[in-house]
Protein chains: 2
Amino acid sequence: MRDAALKLFARDGYAAVSMRQIASEIGVQAGALYLYTADKQSLLFDLMNGHMEALLAAWADTVPPQGDAITRLEHFARFHIRFHAARADAVFIAYMELRNLSDENFAVIEDLRRRYEAELARILEQGQAEGCLTVPDIKLATMALIAMLTGVNTWFREGGRLSRDRVEDIYVDMVLKAAGAARAGTPTG
Amino acid sequence: MRDAALKLFARDGYAAVSMRQIASEIGVQAGALYLYTADKQSLLFDLMNGHMEALLAAWADTVPPQGDAITRLEHFARFHIRFHAARADAVFIAYMELRNLSDENFAVIEDLRRRYEAELARILEQGQAEGCLTVPDIKLATMALIAMLTGVNTWFREGGRLSRDRVEDIYVDMVLKAAGAARAGTPTG
DNA sequence: GGTTGAATTGAACGGTCGTTCAGTGACAAT
DNA sequence: ATTGTCACTGAACGACCGTTCAATTCAACC
């Protein structure tokens, strides 16, 4: 059910998808869905909450690389692009359907998002302190870099002009430069 | 009518707003709306089309500054942030409601968007040719910079910690750095 | 073979949806 | 005073919405 809802919500939007459509996608009657979800709102929340929890858990599972903040920023950028590229539908929903959450559900998701952003902010702070990164404002740089990285999802399609790895390299380069990394250089190839 | 629809679509989403709500917002019955729009879909398209046309027209109206591509890139970044900050609702709709457009309407909007992106791409190309900008890939840099700049709208609120001008300065700095501008430096203040 | 229990159906509930249209009423021109 | 114009109402249309629930199905156990 969650897979079907994810796919349909991502394609048509939460408000435009009916419980009957979700049911039909999995070959069942609408009433049967209510054995597995309290209502439509909970279904949306579960998808978004699951996505954000998975994001934070996956980040916590990565082994932070040895080295300076530049290395850790690169690590974050690569992690972000890879994780998001692998879950295009969930990412899309998580960014587009926030307004369809009830107030308390929204607060939960918003908190998870803030926690993720704080991870990047911490790296920038450390870089600033170490002197290897130069950002004019930690908070703005955090928002700007995440917007830039997440933007990959809006246009990237597997099998296009550039491979996933190449796109990753190019974005890492731009992220490092934007953060004023002391040893930033354009990737060749 | 367009103002009311803009406000409600931005707040609740196209699919979640009924013609009756729009009508009630302007103190009229739902049927009266059909004197001014063929249907709900046309109303959405008119809003998005008007926004994109205004964007391209406003850009065409700016006087491109004398100087190198770095100066022109800065000019573009400042224009983009200012134009979008002044029209938060329309920008939000233009990015969120694309999937609610019919196929032919979508193609029209998509073409306008491509034309706007081409303006930035041209500046990056010139900078690359002049040797004052260093971007690993013109197309990717275009998407990355626009995503970064448009991202301002997701969090910026007048009266917050930073003024509009200050935010503009900071983003310009990050854009120039990300584009490998030869003379990029962190703004002070 | 009979009984239980869970999974699922299919119809129904009260609403809301986008859209249409005959009718109303105000106002300008004759 | 009559006519014509135009904006608008208010009711109606058929369709679909999220959700509930008595009835049914069906496999597993005694």
Side-chain angles (χ1 to χ4, degrees), chain A residues 1-51 89-90 92-94 96-109, chain B residues 1-51 89-90 92-94 96-109:
Chain A
M1 173 177 60
R2 257 156 265 269
D3 287 351
L6 188 77
K7 171 179 155 188
L8 292 177
F9 286 168
R11 201 189 60 191
D12 300 329
Y14 172 78
V17 173
S18 71
M19 294 300 270
R20 284 172 180 82
Q21 283 172 54
I22 298 171
S24 139
E25 178 79 16
I26 55 184
V28 110
Q29 290 291 328
L33 298 181
Y34 289 84
L35 298 201
Y36 306 99
T37 187
D39 49 26
K40 197 186 176 191
Q41 162 79 201
S42 304
L43 188 47
L44 175 62
F45 174 72
D46 286 350
L47 291 176
M48 295 177 64
N49 192 53
H51 171 70
D89 282 352
F92 197 66
I93 291 173
M96 301 278 277
E97 305 292 359
L98 282 168
R99 63 175 156 207
N100 288 309
L101 291 173
S102 67
D103 287 349
E104 59 256 51
N105 283 346
F106 177 81
V108 172
I109 300 297
Chain B
M1 173 177 62
R2 257 156 264 269
D3 287 350
L6 188 76
K7 172 180 153 188
L8 292 177
F9 285 168
R11 201 189 59 191
D12 301 329
Y14 172 77
V17 173
S18 71
M19 294 300 270
R20 284 171 180 84
Q21 283 172 54
I22 298 171
S24 142
E25 179 78 15
I26 55 184
V28 109
Q29 290 292 328
L33 297 181
Y34 289 85
L35 298 187
Y36 306 99
T37 186
D39 49 27
K40 197 186 175 190
Q41 162 80 200
S42 304
L43 186 49
L44 175 62
F45 174 72
D46 286 350
L47 291 176
M48 294 178 64
N49 193 53
H51 170 70
D89 282 354
F92 197 65
I93 291 173
M96 300 277 278
E97 306 292 0
L98 281 168
R99 63 177 155 204
N100 288 308
L101 290 173
S102 68
D103 287 349
E104 60 256 51
N105 284 345
F106 177 81
V108 172
I109 300 298

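Letters A, B, ... mirror the listed sequences (proteins, then strands); counts begin at 1. These numbers come from a predicted model, not from an experiment.
Rounding to whole angstrom units, NZ of residue B:Lys40 and P of C:dG18 are separated by 4 Å. At whole-Å resolution of the value, CG in B:Asp39 and P in C:dT19 are 5 Å apart. B:Gln29 has its CD atom 6 Å from the C1' atom of D:dT9, to the nearest Å. Spacing between atom CG of B:Leu43 and atom C1' of C:dT19 amounts to 14 Å, rounded to whole angstrom units. As a whole-Å value, the separation of A:Arg20 CZ from C:dT16 C1' is 13 Å. When the P atom of D:dC17 is taken as reference, atom CD1 of A:Ile22 falls 11 Å away, rounded to whole Å. Distance B:Gln41 CD to C:dT19 P: 9 Å, rounded to the nearest Å. For the pair A:Leu35 CG and D:dT25 C1', the computed distance is 14 Å after rounding to whole Å.
Remark: B:Tyr36 is not in phosphate contact with D:dC6, judged by side-chain N or O atoms under 4.0 Å from OP1 or OP2.
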Does the salt bridge (charged side-chain N to carboxylate O under 4.0 Å, His left out) test come out yes or no for A:Arg2 and A:Asp46, once each step is laid out? CA-CA 9 Å; A:Arg2 257 156 265 269; A:Asp46 286 350; 3.2 Å; yes
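Each of B:Leu6, B:Leu35, B:Val28, B:Ile26 was checked for a side chain to side chain contact (heavy atoms under 4.5 Å, CB included) with B:Met1, and the lone residue meeting it is B:Ile26. Exactly one of B:Leu43, B:Leu8, B:Leu44 qualifies for a side chain to side chain contact (heavy atoms under 4.5 Å, CB included) with B:Val17. That residue is B:Leu8.
Of the residues near DNA chain D, A:Gly31 and A:Ser18, the one whose nearest nucleotide (by heavy atom distance) lies more toward the 5' end is A:Ser18. For the pair A:Val17 and B:Val28, both in contact range of DNA chain D, the more 5′-proximal nearest nucleotide belongs to B:Val28.
Across all strands shown, B:Gln21 has heavy atoms under 4.0 Å from sugar-phosphate atoms exclusively, and none from any base.
Put simply, CD on B:Glu25 and CG on B:Asp3 are 10.0 Å apart, with the number rounded to the nearest 0.5 Å.
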